[in-house]
Amino acid sequence: MTPSSPASAPSSIAERAAEVRARIDAACRSAGRDPADVVLTAVSKTQPPQAIDAILATGQRVFGENRVQEAQGRWADRIAGLSALELRLIGPLQTNKAEEAVALFDVIETLDREKLARALAEAAQKRGRSPRVLVQVNTGAEPQKAGVSPDATDALIASARDVYGLTVEGLMCIPPADQDAEPHFEMLRALAERNGLSVLSMGMSGDYEAAIGCGATHVRVGTALFGERNRP
Ligand SMILES: *Cc1c(COP(=O)(O)O)cnc(C)c1O
């Protein structure tokens with residue numbers, strides 16, 4: 001929390017954002033990394049317009065969203081007026097939403113199967129727009145979780161690139177909630193390295209500093225910036 005505010009008062013979004021950015025810088029320094037190499041993705045799912053206005057006012061321009069339609073509602077009217085805005089899809093994508101996703105997002109972080117690679121390639125062709133792509137890896141092999149299994153990751157990267165012509169930039173993971181995240185971050189880094197990929201989207205509000213220590217280039221932070229989300 002910000003030292004200058006009374007303990008009982010909720011921090012403003014601007015204060016929270018300043019604190020998260022300071023922590024990112026500190027984590028970079030202690031890992032011997034350049035803070036310019038780590039991008040803060042503000043996870044704006046469920047946030048009302050005033051919260052979006054508040055964080056835009058701090059200069060934040062990179063946003064993560066879980067759902068295509070929800071993101072359209074939040075961003076469609078803002079896109080034209082904002083330079084350098086980058087929208088990243090971080091939630092699971094159904095093939096029947098591929099075209100809308102390609103039309104809206106700059107980066108799709110959740111490619112996890114060949115059928116989706118094909119749908120994205122077709123959508124890109126149709127729309128004349130090619131978002132960059134990350135492959136989501138289910139590092140914990142959790143049955144209920146999206147993501148390609150670690151064993152099948154190399155093959156999916158190869159087919160996404162070579163068969164479907166997608167621009168695969170890197171990997172993304174969401175470690176199991178009940179485990180130490182670092183072994184998962186290390187696994188993701190090793191998978192990226194052996195495939196020659198430079199982007200690592202890993203780390204959320206609870207573990208973004210650890211992720212930076214393990215090589216994250218993009219941290220996806222929601223709660224630490226905006227406060228607790230209203231859960232359905
Ligand atoms: C919601 C979400 C986040 C942000 O989580 P916080 O704990 O609120 O920071 C990050 N990544 C993904 C994929 C999410 O769905």
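Counting convention: from 1, in listed order, for ligands and their atoms alike.
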Residue set satisfying side-chain contact (heavy atoms from CB on, under 4.5 Å) with Lys45, at least two apart, ordered chain then number -> Val43, Glu65, Asn66, Glu70, Arg229

Which atom names give the shortest non-hydrogen contact between Ala42 and Ile55, and what distance separates them? CB-CD1, 4.3 Å

Please could you name the atoms of ligand 1 that Lys45 approaches to less than 4.0 Å, counting only its heavy atoms? 1 (C), 2 (C), 3 (C), 14 (C), 15 (O)

Any nitrogen or oxygen of Gly222, side chain or backbone, less than 3.5 Å from one on ligand 1? yes

Arg220 heavy atoms within 4.0 Å reach ligand 1 at atoms 4 (C), 9 (O), 10 (C), 11 (N), 12 (C), 13 (C)

Atoms of ligand 1 under 4.0 Å from any heavy atom of Val221, numbered from 1 in the order shown, are 9 (O)

Below 4.0 Å from ligand 1: does a non-hydrogen atom of Arg229 turn up there or not? yes

Nearest heavy-atom contact between Cys214 and Phe185 is CB-CB, 3.6 Å

Ligand 1 atoms nearer than 4.0 angstrom to some heavy atom of Ile90 are 11 (N), 12 (C), 13 (C), 14 (C)

Is the closest side-chain heavy-atom distance between Lys145 and Ile174 below 4.5 Å? yes

Which of the ligand 1 atoms, numbered from 1, are nearer than 4.0 Å to a heavy atom of Ile174: 13 (C)

Under a 4.0 Å N-O cut-off, is there an ion pair linking Arg61 with Glu86? no

Within a distance under 4.0 Å of any heavy atom of Thr223, pick out the atoms of ligand 1 and give their elements. 6 (P), 7 (O), 8 (O), 9 (O)

Where at least one partner belongs to residues 90-111, residue pairs that pass salt bridge (Lys or Arg N to Asp or Glu O under 4.0 Å), sequence neighbours excluded: Arg88-Glu109, Glu99-Lys126, Glu99-Arg127, Asp106-Arg129

